[in-house]
Amino acid sequence: MSECQHQWEMTNIRFGFVVFEKCSHCNGIRTFFSASGHPMVGDEYVEGEHTWRCMENAQSLQFDLQCKQCGQLEKFDDVMGFLYCTECLDDCKVAILQKKYAEKKTWVIVAFGFLPRRKDTELSPRRLKILEDYFNQRRDTSRSTIAVLSFDLIDDFSRCKGEFIHDVGMLSLEPPKERKPLF
Amino acid sequence: MTVKELIENMGLKPLSQFDDREITGVFVSDMLSDVMAGAQSGNLWVTVQTHKSIVPAANLVDVSAIIISSGKEVPRETIELATKHNIAILWSELPTFELVGKLYSLGLATG
Ligand SMILES: [Zn+2]
Ligand SMILES: [Zn+2]
């Protein structure tokens, strides 16, 4: 067991796009990270029983965290991004937790994995805690702290209008009026 | 220098309500991903982006204030969200280049 009180810093930063695709057959959604320097465009394409069409490109980044003291490296290439809960749904577990945390001046951020959700790609509580430690170690925590929650808490993506901390629709500098649910 | 001292010095217009704090440097970008990767705690963040997602981004990396340059109009929902979370949004008519030049001449730099 390591005795190190890890001090995390961001490393291996890659900029690219999170691509959102929807299947016109089953309405399934999938997302992936593209490290190419330009957004994905193009027609629908068939893959097995699915017909995928690109719905959205969001400029984003991928990163890993490394401990400054012991060098331990934690890869986070399965993180699609972070979502800020806008309390759009009364029964949303994130919204309920957020109200509770707000009393302690703690901000809730939801760490998203890529879609579709698969058991083997879930962000484990251990890794969510590392993300949380990273964001808190670099800030003045006497003012406020960050809590990083799992996107497992969001039951229904199709209704959630939380804000992704992504550059969605910002390729044009025209601010989007209101984000339509992506899913 | 603190955020409130900066407002006095530069004649910036505060749009949200916030508690004063020390400024550690300046970060200039219109990309949230850039800010996530590069801004340091306590930095001023200069941008022309006004969509409300700048507020959670600013909070996540703990910037001391967001300065909206070039006289860009800021939606009310952005300002309300910032006030709710004690994030300073300051506004300037100056184009980004001029604004950053003034910040530099006040002794603020990257960091
Ligand atoms: Zn360590
Ligand atoms: Zn399908």
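Everything numeric here is computed off the predicted structure, so don't read it as measured data. Below, read A as the first sequence line, B as the second, and so on, with proteins coming before strands; counting in each chain starts at 1.
No part of A/Phe63 comes within reach of chain B, as not one of its non-hydrogen atoms sits under 4.5 angstrom from that chain. In this structure, chain A has no heavy atom under 4.5 Å from any part of B/Ala58.
Distance check, rounded to the nearest 0.5 Å: OH of A/Tyr84 to CG of B/Asn59 gives 8.5 Å. Between B/Asn86 atom CG and A/Lys105 atom NZ the span is 6.0 Å, to the nearest 0.5 Å. Atoms CE and NE2, on B/Met31 and A/His166 in that order, are 10.5 Å from each other to the nearest 0.5 Å. In this structure, A/Phe82 CZ and B/Ser53 OG are separated by 14.5 Å, a value rounded to the nearest 0.5 Å. Between A/Ile109 atom CD1 and B/Leu60 atom CG the span is 5.0 Å, to the nearest 0.5 Å.
The hydrophobic clustering, which links ILVMFWY residues whose side-chain heavy atoms are closer than 4.5 Å, places B/Leu15 and B/Trp45 together. When hydrophobic clusters are built by joining Ile, Leu, Val, Met, Phe, Trp and Tyr residues whose side-chain heavy atoms come closer than 4.5 Å, directly or via intermediates, B/Phe27 is not grouped with B/Tyr104. Note on A/Ile96: it does not cluster hydrophobically with A/Leu89, by side-chain heavy-atom contacts below 4.5 Å among ILVMFWY residues. One hydrophobic cluster holds both B/Ile7 and B/Val26 under the rule that ILVMFWY side chains link at heavy-atom gaps under 4.5 Å.
No more than 12 heavy-atom neighbours from other residues, nucleotides or ligands sit within 6.0 angstrom of CG on A/Asp90. Within a 6.0 Å sphere centred on NZ of B/Lys4, other residues, nucleotides and ligands contribute more than 12 heavy atoms. Within 6.0 Å of CD on A/Glu87 lie more than 12 heavy atoms contributed by other residues, nucleotides or ligands. The environment of NZ in A/Lys100 is sparse: at most 12 heavy-atom neighbours from other residues, nucleotides or ligands sit within 6.0 Å. Environment of CD in B/Gln17: sparse, with no more than 12 heavy atoms of neighbouring residues, nucleotides or ligands closer than 6.0 Å. Shown here is B/Phe97, whose CZ atom has no more than 12 heavy atoms of other residues, nucleotides or ligands within 6.0 Å.
A/Gln59 has its side chain out of reach of B/Leu32: every pair of non-hydrogen atoms, C-beta onward, lies at least 4.5 Å apart. Contact annotation: the side chain of A/Phe15 approaches that of B/Asp34 to within less than 4.5 Å [non-hydrogen atoms, C-beta and beyond].
In terms of heavy atoms, B/Met36 sits closest to A/Met10 at O-CE, 3.7 Å. When all heavy atoms are compared, the tightest approach of B/Val61 to A/Arg138 is O-NH1, 2.8 Å.
Among residues 140-147 of chain A, the residues having any heavy atom closer than 4.5 Å to a heavy atom of chain B are, in sequence order, A/Asp140, A/Arg143, A/Ser144, A/Ile146.
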